[in-house]
Amino acid sequence: MTDNAAFRASAPVRLDFAGGWTDVAPFPVRERGVVVNAAIDLRARAEVRLGGDRYRLHSEDLGESQELGGPGALAAHGGLDLLKAALRRSEIGHCALRTSSEAPPGSGLGSSGALDVALTAALDAARGVRRGRSELAEEAFFLESVDAALPGGRQDQYAAAFGGFHKFTFERGAVTVQPLAIDPAFADELARRTVICYTGVSRVSSRTIERVTSAYERGDPEVTSALRALVDLAEAMADALEASALRRVAHLLADNWTQQQRLDGAMRTGGMADLEAAMTRAGSHGGKAAGAGAGGSMFFVVEDPARAARAAVEAGVRVLPCRWAMEGVVVEQKR
């Protein structure tokens, strides 16, 4: 390692088309989880610059900076806990670490998972460590779930590491990665007809996750039935995407959202219900919350993208670009 060398990495966030929540333990440990998602070209970025006499941390999207030195400098709590956890895990020593994200905080698009991957990749590059994409995704997942103690599933890290369209199967701790054979013309049409709406209401997904996982562990029949239905919908979604069946994709999104709402009473906020109604009037064929729900973003497959985008803006939300990221994590070094 050379002082003042800068190591940079970026990784994309994702849209979860179906099966989200079935990657969150303990369900995929006891049963079989399946998630179908696609990476979108909103990227989380991390830059590590080696050297100095302390840790200098800066998160652009959170607008927060810290300078830390002395024993226990990287102790958890006090803000920027994910960055501190990454530095603890890497044991890289004093450096400047800067992060940013093109996706809004709390958007439900898996931005923390993408940041996990970018952080891990940048710190690996600084240490001269090489990993395969699955190994990188696993390391990034453990960074968030264990070192930073933030509960969640694995789909975000895998989408960020691999990019593109995938079906991920989660079973007894193992992950099977299946790229989906998507016709390029259909992928273009799907991107054009997908409207991503950021509600402006960020949420703490860990609270929803704790309620859902507790209900499953208690054997709640409603939650258990919904999770199993979500697995079946993910299998059907993979087939629909590979068949270029746009209306079928839209209807499965709506079915997934129905099952997702069975998991927790706070899954759909009043603002989300109003947005759904506005998008239905504007010609939506189906949509759902991105990620955990209870705020964040929703996305819809629509008949007329311009009309739907206008309706979304009139409903008070921010429309985010939908461009598929066929390349996952990218690493570069600058001196």
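Not measured: the values here are computed from a predicted model. As a basis for the values below, the full set of heavy atoms in this structure was taken, side chains included, without hydrogen atoms, waters or symmetry mates.
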> Given the rule in the side-chain contact (heavy atoms from CB on, under 4.5 Å) test, do Asp16 and Lys288 qualify, once you have shown the distances and angles that lead to the verdict?
Replying inline: CA-CA 9 Å; Asp16 52 327; Lys288 65 181 288 291; 3.2 Å; yes
Do any side-chain atoms of residues 225-238 form donor-acceptor pairs under 3.5 angstrom with protein atoms, and if so which ones, sequence neighbours left out?
residue	atom	partner	partner atom	Å
Ser225	OG	Arg262	NH2	3.2
Arg228	NE	Glu31	OE1	2.9
Arg228	NE	Glu31	OE2	3.4
Arg228	NH2	Glu31	OE2	3.1
Glu235	OE1	Lys167	NZ	2.8
Glu235	OE2	Arg32	NH1	3.3
Glu235	OE2	Arg32	NH2	2.5

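- For the side chain to side chain contact (heavy atoms under 4.5 Å, CB included) criterion with Phe299, the lone passing option out of Thr194, Leu320, Val195 is Thr194.
- Counting only N and O atoms by type, the side chains of Asp116 and Gln157 include a donor and acceptor under 3.5 Å apart.
- Counting only heavy atoms from C-beta outward, the side chains of Leu50 and Phe7 approach each other to under 4.5 Å.
- Ile40 and Phe168 are not part of a single hydrophobic cluster, where members link through side-chain heavy atoms under 4.5 Å apart.
- Here the straight-line distance linking atom OG of Ser59 with atom CG of Leu115 works out to 7.5 Å at 0.5 Å rounding.
- The minimum heavy-atom distance between Val117 and Ala11, with the atom names listed, is CG1-CB, 3.9 Å.
- For the pair Thr208 and Met267, the minimum side-chain heavy-atom distance is below 4.5 Å.
- For Cys197 against Leu275, the heavy-atom pair with the smallest separation is CB-CD2, 3.8 Å.
- Distance check, rounded to the nearest 0.5 Å: CZ of Arg192 to SG of Cys322 gives 12.0 Å.
- Proximity of Tyr216 to Leu263: side-chain heavy atoms (C-beta onward) are nowhere separated by under 4.5 Å.
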>> Checking Gln66 against Arg56 for the side-chain contact (heavy atoms from CB on, under 4.5 Å) test, could you report, in this order, the C-alpha distance in whole Å, the side-chain angles of both residues, the deciding distance, and whether it holds?
In response: CA-CA 6 Å; Gln66 294 187 21; Arg56 293 177 170 85; over 6 Å; no
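- Qualifying ring-ring contact (aromatic ring centres under 6.0 Å, His included) partners for Phe300, counting only residues two or more places apart in sequence or in other chains: none.
- Of the inter-residue distances, the one linking Phe186 atom CZ with Glu242 atom CD reads 10.5 Å to the nearest 0.5 angstrom.
- A salt bridge links Arg211 to Asp264: one of the charged nitrogens lies within less than 4.0 Å of a carboxylate oxygen.
- Taking hydrophobic clusters as Ile, Leu, Val, Met, Phe, Trp and Tyr residues chained together by side-chain heavy-atom distances below 4.5 Å, Val177 shares a cluster with Val35.
- Residue pairs meeting the salt bridge (Lys or Arg N to Asp or Glu O under 4.0 Å) criterion with at least one partner in residues 85-105, sequence neighbours excluded, are Arg45-Glu102, Glu60-Arg98, Arg89-Glu139, Arg89-Asp147.
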Show which side-chain atoms of residues 248-258 pair as donor or acceptor with protein atoms under 3.5 Å away, not counting sequence neighbours.
residue	atom	partner	partner atom	Å
His251	ND1	Arg247	O	3.4
Asn256	OD1	Gly19	N	3.0
Trp257	NE1	Glu276	OE1	3.2
Trp257	NE1	Glu276	OE2	3.1
Thr258	OG1	Ala254	O	3.2

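- Contact of the Leu97 side chain with the Glu47 side chain is not registered, since no non-hydrogen atoms from C-beta on lie closer than 4.5 Å.
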>> With side-chain contact (heavy atoms from CB on, under 4.5 Å) as the criterion, how do Ile182 and Leu190 come out once you've worked through the C-alpha distance, each side chain's angles and the decisive distance to 0.1 Å?
In response: CA-CA 10 Å; Ile182 307 296; Leu190 180 60; over 6 Å; no
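- Between the side chain of Arg133 and the backbone N or O of Phe162, no donor-acceptor pair lies under 3.5 Å.
- Asp23 contributes a side-chain N or O that, together with a main-chain N or O of Arg154, makes up a donor-acceptor pair within less than 3.5 Å.
- To the nearest 0.5 Å, the span separating OG on Ser244 from CG on Leu246 amounts to 9.5 Å.
- Put simply, the side chain of Arg193 gets close to the backbone of Val302: a donor and an acceptor are under 3.5 Å apart.
- A salt bridge between Asp156 and Arg14 is present, with a side-chain N of the basic residue lying under 4.0 Å from a carboxylate O of the acidic one.
- One side chain, Ser112 or Glu144, offers a donor N or O that lies under 3.5 Å from an acceptor on the other.
- Counting only heavy atoms from C-beta outward, the side chains of Thr213 and Pro26 approach each other to under 4.5 Å.
- Under a 3.5 Å cut-off, the side chain of Thr224 and the backbone N or O of Asp220 do form a donor-acceptor pair.
- In this structure, Ser65 OG and His58 NE2 are separated by 4.5 Å, a value rounded to the nearest 0.5 Å.
- Across all non-hydrogen atoms, the minimal contact from Asp183 to Ala185 is OD2-N, 3.1 Å.
- Between Ser297 atom OG and Leu109 atom CG the span is 4.5 Å, to the nearest 0.5 Å.
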>> For Glu217 and Arg30: C-alpha separation, side-chain torsions, deciding distance, then whether side-chain contact (heavy atoms from CB on, under 4.5 Å) applies.
In response: CA-CA 10 Å; Glu217 289 177 322; Arg30 300 178 183 176; 4.0 Å; yes
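- Shortest non-hydrogen contact noted between Ser111 and Ser101 is CB-OG, 3.9 Å.
- Phe170 and Phe17 fall into different hydrophobic clusters, where Ile, Leu, Val, Met, Phe, Trp and Tyr are joined by side-chain heavy atoms under 4.5 Å apart, directly or via other members.
- Remark: Phe142 engages no residue in a ring-ring contact (aromatic ring centres under 6.0 Å, His included) (not counting sequence neighbours).
- The two atoms that bring Tyr198 and Gly296 nearest to each other are CD1-O, 3.7 Å, heavy atoms only.
- Taking hydrophobic clusters as Ile, Leu, Val, Met, Phe, Trp and Tyr residues chained together by side-chain heavy-atom distances below 4.5 Å, Val175 does not share a cluster with Val34.
- Side-chain contact between Phe165 and Pro179 is absent, with no heavy atoms from C-beta onward closer than 4.5 Å.
- Using a 4.5 Å heavy-atom threshold, the side chains of Leu62 and Leu80 count as touching.
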>> Run Asn37 and Gln155 through side chain to side chain donor-acceptor pair (under 3.5 Å) and show every step you take.
In response: CA-CA 8 Å; Asn37 65 29; Gln155 66 148 318; 2.9 Å; yes
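- Under the 4.5 Å side-chain heavy-atom criterion for Ile, Leu, Val, Met, Phe, Trp and Tyr, Leu87 and Leu83 are members of the same hydrophobic cluster.
- Side-chain contact between Leu180 and His166 is absent, with no heavy-atom pair separated by less than 4.5 Å.
- Nearest heavy-atom pair across Ala73 and Tyr55 is CB-CD1, 4.3 Å.
- Side chain of Thr99 to backbone of Ala46: no donor-acceptor contact under 3.5 angstrom is found.
- Residues in residues 312-331 take part in no side chain to side chain donor-acceptor pair (under 3.5 Å) pair, two or more places apart or across chains.
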